[in-house]
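The model shown is predicted, which means the values in this text are computed figures rather than measured ones. All chains are named by letter (A, B, ...) in the order of the sequence lines, taking the proteins before the strands, and each is independently numbered beginning at 1.
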Amino acid sequence: MIDETTYTIGDLAREFGITPRAIRFYEDEGLLAPVRAGRNRIYNKRHRTRLGLILRGKRLGLSLAEIGELLGMYDGLRDSAPQLRRLLVVLAERRRALEQQREDIAAVLGEIDILERQCAEQLAENPEGAAAAHAALAARLGEGA
DNA sequence: ATTCTAACA
DNA sequence: TGTTAGAA
């Protein structure tokens with residue numbers, strides 16, 4: 001009793017909360033290979049599972065190329081040792097990238113801290129701001145004239 | 001109503 | 001990827 005459950009592109013799009021366009025795009029990138037019923041695409045459970053994995057990879061921040069490499073253009077040897085090792089490498093790279101971003105953000109937040117203090121400090125010294133300073137300067141220049 | 005291809009913002 | 005035009 002083989003499971004012949006099939007889905008249209010619209011079915012999967014709704015189920016995964018994406019647009020049919022995105023699904024066709026993944027196909028163009030070589031990540032999905034649905035069967036055709038004339039022109040229309042027909043997806044089975046295997047395709048559906050695969051689409052789920054693709055979106056899973058996207059959530060992790062992987063590129064479609066990386067996802068494709070991990071899933072393999074073909075099915076079957078998905079959990080082979082080589083694939084798992086490759087996944088570990090990709091995940092390590094991803095971790096590095098995120099940690100770098102975290103550092104960059106921390107650096108910018110630090111600069112913002114400094115600038116904020118300088119601004120507050122300046123306001124404390126001269127609450128009226130540059131306008132008052134200019135007025136004072138103009139007054140002094142007027143005295144001389 | 002849905003899906004498809006192709007092309008462009 | 002989104003959008004869109006025109007066809008199936």
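- Between the side chain of A:Q83 and the backbone N or O of A:S80 there is no donor-acceptor pair closer than 3.5 Å.
- Ion pairing of A:R41 with A:E27 is present here, as a side-chain N (NZ or NE/NH1/NH2) and a carboxylate O approach within less than 4.0 Å.
- Near-neighbour residues of DNA chain C inside residues 35-45 of chain A, defined by a heavy atom below 4.0 Å, are absent.
- In this structure, the CD1 atom of A:I18 is 13 Å from the P atom of B:dT3, given to the nearest Å.
- Between the side chains of A:Q100 and A:D104, at least one donor-acceptor pair of N or O atoms lies under 3.5 Å.
- Partner of A:P20 under the side-chain contact (heavy atoms from CB on, under 4.5 Å) criterion, out of A:I9, A:D11, A:T8: A:I9 alone.
- For A:T8 and B:dT2, the shortest distance from a side-chain N or O to OP1 or OP2 is not below 4.0 Å.
- Each of A:L12, A:I23, A:L71 was compared with A:L32 under the side-chain contact (heavy atoms from CB on, under 4.5 Å) criterion, and only A:I23 meets it.
- In this structure, A:L31 atom CG and C:dT1 atom C1' are separated by 14 Å, rounded to whole Å.
- Between the side chain of A:R48 and the backbone N or O of A:Y43 there is no donor-acceptor pair closer than 3.5 Å.
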Bracket notation of DNA chain C in which parentheses pair within the strand, [ ] cross earlier pairs, and | pairs with another strand (Watson-Crick or G-U, under 3.5 Å): .|||||||
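- A:V89 and A:L98 fall into different hydrophobic clusters, where Ile, Leu, Val, Met, Phe, Trp and Tyr are joined by side-chain heavy atoms under 4.5 Å apart, directly or via other members.
- Atom CD1 in A:I23 sits roughly 10 Å away from atom P in C:dT1 (whole-Å rounding).
- The CZ-C1' distance, from A:R24 to C:dT3, rounds to 12 Å in whole Å.
- Cluster annotation: A:L64 is connected to A:L53 through the hydrophobic network of ILVMFWY side chains, with a link wherever side-chain heavy atoms come within less than 4.5 Å.
- Side-chain N/O atoms of A:R21 include none lying less than 4.0 angstrom from OP1 or OP2 on C:dT3.
- Look at CZ on A:F25: it is 17 Å from C1' on B:dC4, rounded to the nearest Å.
- Atom CD1 in A:I9 sits about 5 Å away from atom P in B:dC4, given to the nearest Å.
- Per the geometry, CG belonging to A:D28 stands 15 Å off C1' belonging to B:dC8, to the nearest Å.
- Look at CG on A:L12: it is 15 Å from P on B:dT2, rounded to the nearest Å.
- A distance-only check finds a donor-acceptor pair linking the side chain of A:R94 to the backbone of A:L60 [under 3.5 Å].
- Taking the side chain of A:T19 as heavy atoms from C-beta on, and the options C:dG2, B:dT3, C:dT1, the nearest nucleotide is C:dG2.
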